[in-house]
Every structure is written in structure tokens, then in C-alpha cells.
S.K.: 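Below are the C-alpha cells for one structure; questions will follow.
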Amino acid sequence: MAKYDFKKIEKKWQKEWEKQDIGKAVDFSKKKKWYSLIEFPYPSGQGLHIGHIRSLTAMDIVSRKRRMEGYNVLYPIGWDAFGLPTENYAIKTGVDPRVATKKNTENFRKQLKGLGFSFDWSREVNTTDPKYYKWTQWLFLQFFKKGLAYKAEIDINWCPNDKVGLANEEVIAGKCERCGAEVEKRKKAQWMLKITAYADKLLKGLEKVDYLDEIKAQQVNWIGRSEGAELEFRISNSEFRIKVFTTRPDTLFGATYMVLAPEHELVEKLKDKISNFNEVEAYVKTARKETEEERTAEDREKTGVELKGVKAVNPATGEEIPVWIADYVLAEYGTGAIMAVPAHDARDFSFAKKFNLPIIHVVSGGTPGELWEGKGNLVNSRKFDGMDSERAKAEITKFVGGKKTVNYHLRDWVFSRQRYWGEPIPIIHCEKCGYVPVPEKDLPVVLPPVKNYKPRDDGESPLASVVSFVNVKCPKCKGVAKRETDTMPNWAGSSWYFLRYADPKNAKEFASMKKLKYWMPIDWYNGGMEHVTLHLLYSRFWNIFLHDQGLVPTSEPYRKRTAQGMILGERGVKMSKSRGNAVNPDTIVRAYGADVARVYEMFMGPFDRAIAWDAKGIEGVKRFLRRTWDTAHEKEIGKTKNEKLERLLAATVKKVGEDIEKMAFHTAISSMMIFMNAASDEVIIPAGVWSDFLKILAPFAPHLADELWYLLKNKKSVHFESWPSYDPSLLKEEVVEVVAQVNGKRRGSIIVPPNAEEGAVKEAAMKLETVSAALGSAKIKKVVYVKGRIINLVI
RNA sequence: GCUCGGGUGGCGGAAUGGUAUACGCGCAACACUUAAAAUGUUGUGAUCGAAAGGUCAUGUGGGUUCGAUUCCCACCCCGAGCACCA
């Protein structure tokens, strides 16, 4: 018997599949369509990560099963190739990112092909290809034309040492990742996308999609919808008013002071009235310098300064209350100002304690003088006394002429990067005409070559140094104008790549409506947990927006979204180069083969849970596949009747089919192992049983399954076969073991037909010595009989 | 603090109201071998027992039930995400 030579087999079938184009997705096929998606990888210099295999294998299994079920399947692949690591590599070595990207994608392609994934390679996309990013730019302009892309002064992370604007992920604990210098905030005009305009749609859309609960929860959390009221407070002896947002208008009578964010515009406007303005100014300055890290640190002592000389009037009581500034109030949220109700808000409470501000209890519950954030009936609230707090919210809002409003934690999306390796933002700035979009015929705005990839000392992108790129004619007035030199964040290309897969070669549109109508929405999207907030939210935002413009057929892009757990290093810590515990996929594939690598990664544990790599565990899977090979060669596969095996096969087909849909791949594999263990005990295996087993094994271990399939003298690949069905009557056993219990405790068991009647079973059970011993002379009070399971005698 | 997961043998884990510990790893004994590896067979939660069998075990404490890993209540611990969001 030939040895299981996975190297030879895997190479052979990979070549054969390429020839037969088994991953080919056919546009407009009459078959039902199925679209499986994985997050397209970032082609890093390190090559494929062991974790990629887990996600890609899972969707490969689903895709292969769907093909066998008769679907026309789209399972595409591409490269999310813009981004920092390649750019940093260019800065360090001077290697053109285009060159590095080409090399890296070639390596990734080779690695992925070596794992036998059934991608439609003809639809490969690459976000750094001008033919691709032409449309990323075009899509940005659609946002611009609808007023959803705008420029605003916002804070960026600035490294004073490297003189460079940093991406959030480059700021580690408030310090520059590269040089360790303390990161500062700096104002810079940035392009923004108005995702907040879609907050409600992003929230509502979640109701009709099938995402893992924790994924939905994270999205909901991130959007952070909060219902409340906007109330106005008059400032004494002044025409100014302070607007506040509150979720607790019912506590208005307990508002004993107000707080403005240090950045609040009124601070400057009230300058003349503020007697301690020097102190105030100093506080604002420190607050501005503080890093996000410091400002939001846990258990931080509250700080603040009173605006002396300024009083606000509580609209409910008519009483004057002091106004403070403090950094616990955020300028970007709500109105940037709050009414402080120390008795019923933890933050206001600790602030009031520190600065000796009055605490007035206005909702019953808790102890007066102490914090109470729960509901109750109003007290100390004049005519509202006794009213329950829920109703009082509306009544008091009405009473003081406020209005109901909704606020979101979601912020607009900062869409500018002062970086080289990204899509140039296709905008021209003209003194006369303002921001003018680059005309469609001039797209793409191609990223020009540069000598130095490092952002400039003034914080501008290296593109700002390319004179021929910057200086252009205004498309509108033909006067002198300057090109935008900011590039897009790496989220841009990944916000719509799934649309391009439907029509990847289209030179006239980002994708044709006809093809989008055929393929969208994505039926199943799997990826990492680390992308379920931002990437998922951003791409949903783009899709919903494009749907509103009539450019894509569905509002939500993903019908179903799941996430795999991370693969950790051997002792359960994160895999990393620095820890030296990273497992190299190439080594694994070379030593064990692609099929073992695939099956092992699916067998390790529950798919959605993080799990530690186990060098020993992979041996078990190796044995399983080798045993399958041995069985195929040693046993006679032929004409025979074997009811036991037929029953087991039926149960296995059912289990594997159901488990794939639940992503319970590990139990699917364990049930195939059980079948194999039984099959290897037989001398002759019925050919039909063996064929069906190979079919259900095929999505998991596609190479081995095909090899053994051809061994049976089949002419076409197992991957063109239909997913097997099973005879449900085979699942019914002819005899069953019924456990005999006395008072719920197992005392023995009896073998009976599945439909045996209670009387007969009871009689048989009582004949058991162990049962009669347990019963003794006691009287049976009750009998609980569950057919095929248990009989419980209660005494 | 809030939200979402999770806690079961030496280890990864299975079982979603009905035989707890499937499957795999590890370990032990045996067979094959000059030997080792590989392979195969058998065993493997703890504890008492020569055995038959008993008792105890699914984070902790309570509850519902004939019966709870599974359902309910309270608590403890671990992981992930968010977080001075008014």
C-alpha cells in the first residue's frame, strides 16, 4: 500500500482544481447564488498568519458545501494593501511600497493556493491598484456631493519629536510608538465623513440582520444612542444662555450648579464678567494639553474652576446657581455643557463633594445626602412632588420649555491622513471656488512617486512636497489651485471591496447594478472580532449611503456576520514575533500538509473562542486523516450490506451538515472521527457508505477526499458531487437502552424497543437486582417514563 | 461602572431538562520490534472496595423539578468590548 504522501497529493489536486476552475463564480447563473466573504488580508511582509487559516478554512468549508448543495457560489479574495506597516517599511528602507506590496501579495497568493482554498481567483482585487482606488475616490466624491464629506479643525495626535501626525494605533499609552515621546494634541483641518447622520439607520439596520449577539451589542454600544432633553439656562445679567443635554430632566430641581467643557465657546464670550479669568485661562490651557489617556484615566480626581462673577438661573426654581468649567465635561458630546445634579449623578456627586457644592435630593430612594441614581417619586420639586420620575421627565421638560432630543456617542469619521501610502483625496482647493471635486474623467488621482516617504516636519503628507502634483488648475474657474495632499485612511478601501467583487473588472462603474443585484447581499461574512466595530460600521455606512443614492440594491450589505476566536501561542498568550511563540503556517503545511492544517484548526475548539495552539493536538488530526487513507486502501470498498455502518453514516451526515451551519466544526470533525473509528473495524465497507463519507469530508480535507474519490474509479472531482442526503428512518434505532432510575439515581439499564410501553418497561426495570435492592419494600409513588431515555421510579 | 461571552477530567473540550466527562491530546499496560519510533489493542474523573457495587464531583450558595452542566435568584473568578457620553 502506498504511503499517505500529502505533498504529492495536495500539489496534484491544487493544479487540477485550477484547471477545472472549481472556485469559478458565474454571473447570472440560473442556480441560486451564494456569496461567502472573508476579510481580505493585509499582505504583510511576514506572510500569512496561522489565524488567517482558521477564518478562511471556515468559509471555504461553507462555500464548498454550498456548491455541493447546488448553489452558484462566490468566494472571492483580494488584498487590503494600503497601510502603515508597508509605509513604515518604505520610510526605513526606501523600498517603494508598490514593490513591497507586489512581493507580499505574491507570497500570500502562493501560501493561500497551497492551502487549497476554493477562491474565485479571477476576481482578485487590490486596494492599491489605481483601477481599484479610482472608484474609492469616486465614492468619496459621492459623499462630498451630498455634503457628507467636509473639512473641520480637529485634534490630531502629534509627536513633537518625530514631528509627525500619528494614527491612533501608533499611540501606545499616550506615547509615540516609534520614539516613546509624549504625544500631544494639535489642531489640524481634516476631512471628515458625516457618519453621525446615519447613526439611526446604522442602529435600525441591525434589527434585520443575523449577526452574533456580541457583534450587535458592540455596534449598538459604539453608536451609543441616548434619549433625553435639551434645556436652556439663562445667565444672570446677560443675553447668553447655556444649553444642556440631560437624560434626567426629572432631576432639574436638584441642579445646583452647571459645568461647561473647558473648550466651551461661552468661556471666551463671558470673559468680561469672569473675575478670575487668569485662573480660568490657565485651567483651559492645561486641559488642552492633556492627552486623551490622562483625561479619561480611571478613578481620576475631579478638577475644575468656578467662573466667578457668572451665575446661571435654574429654570425650574428661578434660583441662581454657580457655573464651573471642568474637564469631566466633554466638548464633543451633547452641547458641551451640563446641569449638575449631584444627588443623582455619580460624577456630579464626587465633584460636589470635592468642591463643597450643595446636594439636593429630588427623587425618593437611597439616603438623602448620598448618591441615588435609581428611579423613584419626586421630592423637593414643588408641584411635581410625588410624581414618578419617568413621567416627570416629560412633564418637567414641558414645564421649562425644553425639547426632547437624542444624542449619540458615535463621532464623525476622521477621513484624512497626512501620509503617503493611501488613496489621494480627490479634491482641489481653489481660493475662489473653494473645495472643488476632481472631475470624474480625471480619476484616478494617481499617487505620485516620491523620494522621501516620511511625513514632513510641518505635519503635511509627503505629497505636499511634490510640486507637480500639488499645483493644478481649478477645474471650475481654471485659475491657480492646489490639490489636496491628504490621503484616505486604510478603512477606505475595505469599506466597499465586497461590492467590487461582484464586478471586479468594470472600468465604467465601481460595479454594475445588474451584477450587484445578482450577488448582493453577502450571505455570510466571517472575520476577526477586532473588526466588528469600526470596519463593520464603516462598510455598513458606505453601503447604506450608496443604497440611498440608488447605487446598490440592498441597504444592509451583510445578511450574516460571525467571528472566529484568535489562535494564541502555546501557553495561551498572544502569538507574536517578540515572544517567539509564533507558529509559521509554511512550517505546518510542510510538515503535516494543508489538509491536516485545515482540519486541525477547525478541530482545536469552538470556532468563536480564542484557543491556544497545541503542537501535540495536531498529531491526533494527522492520525485521523492517515487512518482514513489506510482504510481506503486496506479495506475492501464494495458491495455489501452493513446496517450498523449505514446507520452511523446517516447520523454522521446529519450531524456534519448541521454543525457546519452552526460553525460547530469541531464537533463535526469529532463525529467523522467516530465514523472512521467504526469503519476501520470493518473488513468490507459498503461503497455507498464510503462515498458519502468522502463527500462530507471533502469540504474539510479537500485534497485527501478527492484523491480517495478517484481511487473509487470516479471520473469527476468529488467537489462536483451533491451533498449527501440520508434516510431519516436509519436514525431510528431498533432497540434502545433505557436507564432505570430510582428517585432520579441511575440503578441500571434495560434494552427495549424504542416504542416500548411504560408498563412493560417498568416491569423489566423492577426485575433488575440493583433496582429492586434500591426499591426495597417502599411503595412506588410515581413513575416517570421518557421513551428511549429513562424510567424513573419515585418512592 | 456598563455591555457581551465564559467557568465541566492532567489538558483542548462534548452534552441546552433525561446514562455528565463524546472526540482528541496526554498517560499506563500489552502486542509487533534486537531496540526505539511508528502502528495496533486495552485501560484512564476522584474515592472506598478483591470484586459486584457504593459514595462524591460540572466556580460558590440557594431555589424550581421525579430528575439540573442545562432553568431561576444571589455571589465569586476569567476573557472581550466600551467607558467622566451627562
Side-chain angles (χ1 to χ4, degrees), chain A residues 212-222 224-226 228 244-249 251 255 259 261 295-300 302-303 326-330 332-341 344-348 350-351 373 407-411 529-530 532-533 563 565-566 572 600 603-606 608-621 623-624 626-627 630 664 666-677 680 737-749 769-770 773-774 780-795:
Chain A
L212 245 46
D213 281 347
E214 54 185 322
I215 296 177
K216 268 193 196 181
Q218 275 189 37
Q219 296 252 311
V220 169
N221 233 314
W222 191 264
R225 186 178 201 272
S226 150
V244 302
F245 171 72
T246 178
T247 53
R248 296 293 304 271
T251 62
V259 186
R295 192 161 163 168
T296 58
E298 228 174 314
D299 302 327
R300 185 161 187 254
K302 296 259 182 309
T303 60
D327 65 4
Y328 82 90
V329 173
L330 308 173
E332 329 69 276
Y333 185 74
T335 59
I338 61 154
M339 64 178 211
V341 185
H344 306 289
D345 179 279
R347 293 148 304 181
D348 299 343
S350 65
F351 191 84
E373 290 185 299
N407 261 304
Y408 299 92
H409 293 187
L410 186 68
R411 302 285 148 77
M529 224 30 224
E530 68 276 18
V532 301
T533 36
M566 228 196 311
Y600 173 57
F603 182 62
M604 289 175 86
D608 56 358
R609 224 145 345 132
I611 197 134
W613 185 264
D614 179 7
K616 283 277 173 52
I618 198 168
E619 296 288 338
V621 168
R623 280 174 208 147
F624 162 56
R626 205 219 59 241
R627 231 186 333 256
D630 289 351
H666 63 317
T667 49
I669 292 164
S670 104
S671 72
M672 287 191 283
M673 286 171 167
I674 293 170
F675 172 84
M676 253 321 296
N677 290 344
S680 60
E737 187 184 13
V738 170
V739 168
Q741 298 180 330
V742 177
N743 277 354
K745 275 219 160 88
R746 186 199 154 113
R747 294 295 162 183
S749 70
E769 251 179 66
T770 45
I780 295 172
K781 273 202 295 207
K782 192 177 169 186
V783 178
V784 181
Y785 174 51
V786 182
K787 271 185 186 168
R789 295 277 188 187
I790 57 118
I791 181 152
N792 188 10
L793 308 175
V794 185
I795 52 174

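We name chains A, B, ... by the order of the sequence lines, and we start the count at 1 in each one. Just so it is clear, the values below take in all heavy atoms, side chains as well, and ignore hydrogens, waters and symmetry mates.
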S.K.: Quick one, A:Glu530 and A:Met566 - any side-chain contact, counting heavy atoms below 4.5 Å?
M.R.: no

S.K.: Both distances below 3.5 Å, Watson-Crick or wobble geometry, any strand: find the nucleotide opposite B:G43.
M.R.: B:C27

S.K.: When the nearest nucleotide of RNA chain B is assigned to A:Glu737 and to A:Lys616 on a heavy-atom basis, which residue is associated with the more 5' position?
M.R.: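 Closer to the 5' end of RNA chain B: A:Glu737.
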
S.K.: B:A51 pairs with which nucleotide, Watson-Crick or G-U wobble, both distances below 3.5 Å?
M.R.: none

S.K.: When both hydrogen-bonding distances must be under 3.5 Å and the geometry is Watson-Crick or G-U wobble, what is B:A35 paired with, if anything?
M.R.: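 Across all strands, not a single nucleotide pairs with B:A35.
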
S.K.: Searching all strands shown, indicate the nucleotide that pairs with B:U19 (Watson-Crick or G-U wobble; both distances under 3.5 Å).
M.R.: none

S.K.: Summarise protein proximity over nucleotides 40-47 of chain B in one line of letters, 5' to 3': B for base, S for sugar-phosphate only, - for none, counting protein heavy atoms closer than 4.0 Å.
M.R.: S-------

S.K.: With heavy-atom distances below 4.5 Å as the criterion, would you say the side chains of A:Lys787 and A:Val738 are in contact?
M.R.: no

S.K.: So what's B:U70 paired with, Watson-Crick or G-U wobble, going by both distances under 3.5 Å?
M.R.: none

S.K.: How long is the line joining CG of A:Asn792 and P of B:C66, in whole Å?
M.R.: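 Value for this atom pair: 10 Å.
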
S.K.: Does B:G81 have a Watson-Crick or wobble partner in any strand here, with both distances under 3.5 angstrom, and which is it?
M.R.: B:C2

S.K.: Identify the nucleotide, in any strand shown, that forms a Watson-Crick or G-U wobble pair with B:A14, with both distances under 3.5 Å; if there is none, say none.
M.R.: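 Pairing partner: none.
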
S.K.: Find out whether the Lys NZ or Arg CZ of A:Lys302 is both under 6.0 angstrom from the six-membered ring centre of A:Tyr328 and within 45° of the ring's axis.
M.R.: yes

